[in-house]
There are 2 protein chains.
Amino acid sequence: MDEHGGLLRRHGLRVTRQRERILSAVSALGHATAEEVSAGVAGDGGSPLPPSTIYRALEAMEKAGALRHTHLDHRSPSYQLADHDAHIHLVCTGCGSVAEVPATIADGLVAQIREQRGFEAAFTHMAVQGRCAKCQR
Amino acid sequence: MDEHGGLLRRHGLRVTRQRERILSAVSALGHATAEEVSAGVAGDGGSPLPPSTIYRALEAMEKAGALRHTHLDHRSPSYQLADHDAHIHLVCTGCGSVAEVPATIADGLVAQIREQRGFEAAFTHMAVQGRCAKCQR
DNA sequence: TTGAATGCAAAAAATTTGCATATTG
DNA sequence: CAATATGCAAATTTTTTGCATTCAA
């Protein structure tokens with residue numbers, strides 16, 4: 001459960017209890033905003049973390065390459081572990097659920113955009129809005 | 001230049017000078033955040049608009065269907081005219097430029113996601129991060 | 001006239017910064 | 001020990017709300 005120390009070390013970051021708790025929260029939630037991380041660590045038994053610690057830790061871990069972020073909904077950035085397989089988020093506008101599909105599904109489209117525009121698109125971790133099967137009924 | 005009155009009327013909204021100015025700014029900029037709209041209307045000769053007016057007008061116009069929004073960068077929502085052709089934004093992480101490609105380019109991918117997941121994806125107006133041709137060099 | 005829209009001021013959220021202290025490597 | 005990270009408080013920034021007034025239909 002708490003072998004996030006290795007992840008931190010591997011990315012050249014210091015291993016602190018706060019960052020391990022933050023990583024645990026992100027890992028447990030799959031993807032989380034600063035606020036969700038805050039709520040997450042609040043529920044792990046330890047004392048709550050000040051916003052500055054959370055914001056700075058997320059930023060540092062992202063810069064170091066341990067985390068990535070996208071915008072799933074219409075607000076704050078959501079962070080995930082970076083070593084998670086590359087994928088696309090399917091965000092349902094009906095129920096808010098978030099499913100994932102391997103990013104490779106977009107390979108054809110990426111190639112097409114590259115040929116037509118010379119633009120190298122990164123479909124990794126991106127969010128696509130839509131309606132899930134359940135909400136279409 | 002200012003026939004946005006029709007657009008407002010068509011969507012069941014009242015035609016006010018403020019909303020016309022806001023629509024002009026959005027239209028001129030192509031896509032704009034609340035802050036950019038604020039700057040835009042400040043530069044049109046008229047008096048500046050208070051934030052509440054801008055936020056409420058954008059929200060009302062979006063709800064009425066005259067505007068749409070996406071998240072181009074890592075912050076606020078960017079609004080556009082809804083009658084703009086459906087398209088995908090190619091946002092360059094290098095220079096920040098935003099290009100557009102017709103949404104139909106993703107038809108194949110949309111079909112694939114529908115078949116595999118039953119998820120009806122709306123690629124319309126979405127943002128895709130990447131590197132433009134210029135920034136790849 | 002009457003409901004919708006505005007303007008202003010103030011409140012609430014969300015994010016960032018400065019700095020002294022504590023901690024990791 | 002030196003560099004990093006933390007905690008706390010306060011400052012910014014961004015967005016929302018209440019309410020009296022104005023305006024479009």
Side-chain angles (χ1 to χ4, degrees), chain A residues 2-26 32-42 44 46-67 69-79, chain B residues 2-26 32-42 44 46-67 69-79:
Chain A
D2 276 280
E3 218 8 60
H4 293 118
L7 176 58
L8 288 166
R9 223 170 280 120
R10 214 175 310 133
H11 288 277
L13 296 167
R14 290 192 177 176
V15 181
T16 67
R17 195 153 53 78
Q18 291 83 333
R19 293 189 172 177
E20 292 189 304
R21 291 174 66 203
I22 291 172
L23 284 178
S24 290
V26 170
T33 62
E35 231 183 312
E36 291 165 341
V37 167
S38 178
V41 298
D44 73 1
S47 54
L49 296 179
S52 53
T53 295
I54 295 177
Y55 281 102
R56 285 196 274 233
L58 289 173
E59 186 191 356
M61 295 191 276
E62 177 167 40
K63 180 151 50 179
L67 295 180
H69 84 263
T70 11
H71 291 264
L72 297 182
D73 60 358
H74 292 322
R75 209 163 291 240
S76 323
S78 262
Y79 292 84
Chain B
D2 276 281
E3 219 5 58
H4 293 118
L7 176 58
L8 288 166
R9 223 170 282 120
R10 215 175 309 134
H11 288 276
L13 296 167
R14 292 194 176 176
V15 181
T16 67
R17 196 153 54 74
Q18 291 83 333
R19 293 189 171 178
E20 291 190 305
R21 292 174 67 203
I22 290 172
L23 283 178
S24 290
V26 170
T33 62
E35 233 184 309
E36 290 164 341
V37 168
S38 177
V41 298
D44 73 2
S47 54
L49 295 179
S52 53
T53 295
I54 296 177
Y55 280 102
R56 285 197 272 232
L58 290 173
E59 187 189 356
M61 295 191 277
E62 178 168 39
K63 179 150 52 176
L67 295 180
H69 84 262
T70 10
H71 291 264
L72 298 180
D73 58 359
H74 292 321
R75 208 163 291 238
S76 323
S78 264
Y79 291 84

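Letters A, B, ... mirror the listed sequences (proteins, then strands); counts begin at 1. We use all heavy atoms of the structure for the numbers below, so side chains are in, but hydrogens, waters and symmetry mates are not.
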For atom CD of A:E36 and atom C1' of C:dA14, their distance in whole Å: 14 Å
Protein-nucleotide distance (B:L13, atom CG; D:dA25, atom P), rounded to Å: 11 Å
Between D:dA25 (P) and B:R10 (CZ): distance, integer Å: 15 Å
Main-chain N/O of A:T33 paired with A:E36 side-chain donor or acceptor, under 3.5 Å: yes
Mutual orientation of the aromatic rings belonging to B:H71 and A:H71 [parallel < 30°, tilted 30-60°, perpendicular > 60°]: parallel
Spacing between A:R14 atom CZ and C:dT23 atom C1', to the nearest angstrom: 7 Å
Close side-chain approach of A:H69 to A:S78, heavy-atom, < 4.5 Å: no
Selection: residues 47-57 of chain B, any non-hydrogen atom under 4.0 Å of DNA chain D: B:S52, B:Y55, B:R56
Separation of atom CD1 in A:I22 from atom P in D:dT6, rounded to whole Å: 7 Å
Between D:dT15 (P) and B:E35 (CD): distance, integer Å: 7 Å
Short side-chain N/O contact to D:dG7 OP1/OP2 from A:Q18, under 4.0 Å: yes
Short side-chain N/O contact from A:T16 to OP1 or OP2 of D:dT6, under 4.0 Å: yes
Polar side-chain atom of B:S24 near backbone of B:E20 as donor-acceptor pair, under 3.5 Å: yes
Minimum heavy-atom distance between B:A60 and B:R19, given as atom pair plus value: CB-NH2, 3.9 Å
Residue pair A:L23 / A:L67, side-chain heavy-atom distance below 4.5 Å: yes
Protein-nucleotide distance (A:L58, atom CG; C:dT15, atom P), rounded to Å: 11 Å
Nearest-Å distance for atom pair CZ/P, residues A:R19 and D:dG7: 11 Å
